[in-house]
Amino acid sequence: MQTQYNPKETEDKWYKFWLEQGLFSAKSQTGRKPFTIVIPPPNITGILHMGHALNDTIQDVLVRFKRMQGYEVLWMPGTDHAGIATQNVVEKQLAKQGLKKEDVGRQEFTDRLWKWRQEYGSTIIEQLKKLGASCDWQRIRFTLDEGYSRAVKEVFIRLYKKGFIYRGNYIINWCPRCKTALSDEEAPYKEIDSFLYYINYPVEGEGKYITVATTRPETMLGDTAVAINPDDERYSWLKGKTVILPILNRRIRVIEDRAVDPEFGTGVVKVTPAHDPVDFAMAKRHNLEFINIMDDTAVLNENAGKFRGLDRFEGRRRLLEELEKEGLLKKKVPYKLNAGHCYRCGTIIEPRLSLQWFVKMKPLAEPAIKVVEEGRVKFYPRRWKKVYLNWMNNIQDWCISRQIWWGHRIPVWYCANCYDKNSGSDKGIVVSLDKPAKCPFCGADNLSQDKDVLDTWFSSWLWPFVTLGWPDKTKDLEFFYPTDALVTASEILFFWVARMIMASLEFMKDIPFRDVLIHGTVRDEKGVKMSKSLGNIIDPLEIIEKFGADALRFSLMMLASTGSDVFLSDEKFMVGRNYSNKIWNAARFIITNLEKNGFGASQYRISEYAKDFNLADKWILQELSLLISEAGRNLDKYRINDYAKSLYEFFWHKFCDWYIEIAKVSMDTVRCNVLFFVLEKFLRLLHPVMPFISEEIWQKLNKFADIGKSIVIAKWPKQEYNNFFDEKEIFDNLKDLIISARSFTRYLGIQGKPEFVFDSPDPDKLKTLVANLDWVKKLLKAEILKMPVKGTSFVLLPGCGFDIYLLTGKISNISEYKDKIKTKTGKLKKRIFSLSTKLSNPGFLQNAPEEVVSNAKESLAALKAELERIEKIKWG
RNA sequence: GGGCGCAUAGCUCAGUUGGUUAGAGCGCAACGUUGACAUCGUUGAGGCCAGAGGUUCGACUCCUCUUGCGCCCACCA
């Protein structure tokens with residue numbers, strides 16, 4: 001074996017082996033209990049980033065753990081068609097040829113999309129395999145595959161028939177670049193630096209002006225009123241008056257509405273019903289006219305008069321010039337404006353009046369609120385429950401139609417003969433899976449399908465049950481549903497998680513999953529969210545290339561405490577790299593010694609050797625046993641970082657630093673048994689987080705004794721030796737002794753081999769020490785002389801239960817050490833004082849539990865004894 | 001404006017129902033190739049647990065307020 005672990009030689013090899021052996025495949029008919037996780041389907045346009053690495057490693061750890069516990073485990077993989085994102089990619093491709101999607105037409109464009117998906121759509125899946133993800137790849141699904149499409153249509157139809165889907169003219173978020181509607185969730189608000197413009201509108205017949213304030217002056221071209229608050233006395237004179245809209249010279253009414261905040265701006269609001277949601281609501285209340293002044297690319301249209309054909313921002317500039325010329329622009333002040341931005345391309349949203357499909361959310365939300373309130377669906381960390389409920393209680397209807405071409409086409413047909421767009425009636429509208437032969441209203445056979453497609457989330461929200469076969473009643477659905485855990489980032493709590501709960505309750509009459517694990521966001525060192533456009537990403541594949549997948553996985557799990565954000569830099573991954581190297585080298589040492597000792601299957605009989613165990617053997621077996629229970633407990637509670645930390649601590653700082661060092665003193669068959677046993681059990685505990693290196697070493701151990709085909713299907717270890725030994729305290733005493741003595745020699749600047757004399761007031765401790773003198777000497781790199789003390793010596797801090805004398809011949813800096821002892825004595829006295837005060841407090845004696853009191857008494861006695869001994873030090 | 005969080009070592013975080021001297025990793029300093037590992041070992045320095053009150057025999061932990069920071073929701077043009 002090489003002195004350094006080389007992940008490249010192991011990772012692909014074992015991954016291939018696992019696939020060939022079919023170790024990740026799940027069957028719905030077994031006698032075992034199921035454990036199911038559905039993957040949050042990555043976008044087909046996606047490439048693996050750190051967010052995925054974090055998200056999918058967590059899932060893989062859980063899934064591998066459960067598999068070892070004997071569950072029938074299904075990790076359901078798949079990808080999301082990601083409507084706008086994918087369309088943008090292919091549009092860009094076309095643009096390189098100087099083409100727009102309209103140039104090639106809908107059919108050709110969607111053909112190209114499918115081709116693109118064929119070619120690049122599973123990049124991320126291949127990358128997930130590099131990471132070690134143990135999904136059941138044979139079951140892979142796509143949100144736009146045939147069965148899925150059927151399910152999506154089915155859902156639309158059922159909801160429509162139930163009256164939960166409606167169509168209407170509303171102000172929606174419009175992205176003029178993607179030319180589509182966006183849901184509220186897809187148009188996050190961001191602050192931008194802008195201006196608040198104060199514009200004068202002449203009041204008819206009064207010879208004076210009123211001033212309105214606006215951030216989007218160009219929208220004034222669509223104004224159909226000016227509004228004041230009815231209680232605002234400053235403007236009571238305006239009531240019932242008419243105002244002249246500058247530039248266009250349109251006569252518009254003054255209306256009174258309580259939506260107007262007298263405190264903001266001037267207290268007078270221009271009302272643009274077709275371009276602002278608040279104004280839209282006001283217009284409905286006051287029967288105003290709706291004037292649309294822009295086309296679908298936010299270019300001003302014929303209603304904008306002479307500004308027709310200008311882009312909205314250019315139009316704004318020209319309009320302001322004009323106003324200034326006429327002296328109507330009173331002032332402009334810098335203003336921080338919250339504007340919606342397209343979550344895909346970042347373009348500023350234009351609120352726009354248009355006809356869209358919506359889902360009524362209130363009735364769907366009610367049961368989804370209930371299951372979370374009742375704890376049938378649990379959030380980890382718990383605080384997300386409140387966030388969820390808060391959002392669900394204020395839920396808004398969901399705009400689900402998108403004016404793009406890539407996605408599930410809305411299963412609605414319109415009759416060319418009897419459907420009237422402006423009537424608002426359902427006449428001539430047919431909702432059905434397939435194209436109806438003729439119109440059920442008038443019998444005409446000229447029907448055409450709605451041009452829009454559905455929001456991508458309208459398919460993703462069905463993910464947990466459609467992937468298992470819905471709407472058919474499949475065995476998979478029966479066996480694997482509901483799923484157990486859902487692992488996701490907080491960003492898509494509302495987009496996805498909440499909606500899955502709603503959809504599942506509606507269509508499955510059951511929850512989609514029991515536990516929702518919400519992990520943090522991946523950020524760079526400075527705390528900035530990693531994103532491609534900022535150029536601060538760390539590519540997981542590069543890390544895998546440099547350090548190995550196990551190192552990446554372990555580092556992430558170690559750093560990601562439940563739910564908190566993860567700050568990453570290249571160096572952070574050295575934790576995992578160094579750890580895998582440590583494991584590799586310890587294994588190398590053990591394997592070399594197994595060979596040297598001729599260790600084989602016939603020697604592997606650990607229980608028979610139990611009578612020969614020394615103190616260190618017993619101690620490490622007990623520590624292992626504690627680790628087994630701790631690791632399992634932490635994974636059960638989804639405390640994956642605690643699980644990783646306990647592995648790290650055990651292997652490095654207990655097994656390597658102490659046990660292996662001690663074992664070197666008496667390397668024989670008994671030691672080989674313990675080393676083999678501990679390493680083999682440890683590898684199983686390690687496997688969920690570091691699957692590759694654990695398999696590699698496992699297979700090497702397999703040559704000494706038959707332990708199984710693959711670690712993937714090995715059993716999670718039980719606490720076989722937990723009641724075997726209880727030597728921890730005794731062993732820890734010797735550890736303390738060694739640590740104290742080492743510290744001692746360092747302080748005194750001893751050259752060469754120190755010579756110690758040990759003593760203890762406790763004869764049992766002294767006996768243990770004598771029995772283990774061999775390795776204590778070795779670890780101290782010292783000579784240990786027998787009692788009684790002869791010649792000149794002085795005492796080290798006791799406190800470890802032993803007195804340590806050191807012959808003073810080789811000591812160079814006693815005065816420094818005397819200072820150290822002095823401060824130590826000071827601290828001791830302080831503690832003795834505070835403890836005594838505490839123990840003389842009647843309140844403490846009365847109220848504190850007996851154990852606490854007796855502990856305090858004990859430590860006071862110990863401290864006093866320690867002080868006494870220090871004071872008796874004979875300074876050479 | 002409403003809601004939810006966070007504040008512990010230079011950095012990133014643990015600290016489980018309040019109970020002796022608050023821990024780890026990284027970083028830093030000094031020393032060190034003793035039979036796996038320098039991707040290593042040994043030792044060490046470093047904390048008024050954000051501030052102020054309160055509850056308690058006892059508070060990093062519970063309550064209130066203050067300050068600073070973060071996230072989510074919402075129609076202040």
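In what follows, chains carry the letters A, B, and so on, assigned in the order in which the sequence lines appear, proteins first and then strands, with residues in each chain numbered from 1. Everything quoted here is computed from the prediction, not taken from an experiment.
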By the 4.0 Å heavy-atom rule, please label [X] as base, sugar-phosphate, or nothing.
| X | result |
| --- | --- |
| A/A848 | base |
| A/P849 | base |
| A/H275 | nothing |
| A/R588 | sugar-phosphate |
| A/F655 | nothing |
| A/Q846 | nothing |
| A/N847 | base |
| A/Y579 | nothing |

Under-4.0 Å salt bridge between [X] and [Y]:
| X | Y | value |
| --- | --- | --- |
| A/E649 | A/K645 | no |
| A/K8 | A/E545 | yes |
| A/D570 | A/K546 | yes |
| A/E256 | A/R285 | no |

[options]: which one has an atom nearest the side-chain heavy atoms of [X]?
| X | options | answer |
| --- | --- | --- |
| A/W652 | B/rA36, B/rC76, B/rC40 | B/rC40 |
| A/R746 | B/rU43, B/rC13, B/rG25 | B/rU43 |
| A/R639 | B/rU39, B/rG35, B/rA14 | B/rA14 |
| A/N841 | B/rC4, B/rU20, B/rC57 | B/rC57 |
| A/V278 | B/rC75, B/rG19, B/rG41 | B/rC75 |
| A/N338 | B/rA74, B/rG19, B/rC13 | B/rA74 |
| A/E661 | B/rU43, B/rG25, B/rC37 | B/rC37 |
| A/K664 | B/rA36, B/rG19, B/rU39 | B/rA36 |

side-chain N/O [X] vs [N] OP1/OP2, d < 4.0 Å:
| X | N | result |
| --- | --- | --- |
| A/Y5 | B/rA36 | no |
| A/T3 | B/rA36 | no |
| A/W584 | B/rU39 | no |
| A/K386 | B/rG5 | yes |
| A/H653 | B/rA24 | no |
| A/N641 | B/rA14 | no |

How many whole angstroms separate atom [atom1] of [X] from atom [atom2] of [N]?
| X | N | atom1 | atom2 | value |
| --- | --- | --- | --- | --- |
| A/K385 | B/rC72 | NZ | P | 23 Å |
| A/D736 | B/rU43 | CG | C1' | 16 Å |
| A/R523 | B/rC71 | CZ | P | 7 Å |
| A/F495 | B/rC71 | CZ | P | 17 Å |
| A/I492 | B/rC73 | CD1 | C1' | 18 Å |
| A/D257 | B/rC76 | CG | P | 15 Å |

I'd like a table of donor-acceptor pairs (distance under 3.5 Å, sequence neighbours excluded) in which one partner is a side-chain atom from residues 857-865 of chain A, with atom names and distances.
| from | atom 1 | to | atom 2 | distance (Å) |
| --- | --- | --- | --- | --- |
| A/S859 | OG | A/N855 | O | 2.8 |
| A/S859 | OG | A/A856 | O | 3.3 |

Problem set entry | A/F567: ring pair (Phe, Tyr, Trp, His ring centres under 6.0 Å) partners, not counting sequence neighbours |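 Partners of A/F567 by the ring pair (Phe, Tyr, Trp, His ring centres under 6.0 Å) criterion come out as none, since no residue qualifies.
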
For this session: Identify the residue among A/K270, A/R312, A/R316 that makes a salt bridge (Lys or Arg N to Asp or Glu O under 4.0 Å) with A/E218.
Result: A/R316

For this session: Kindly indicate whether the side chain of A/R742 and the base of B/rU43 share any N or O donor-acceptor pair separated by less than 3.5 Å?
Result: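 There is none.
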
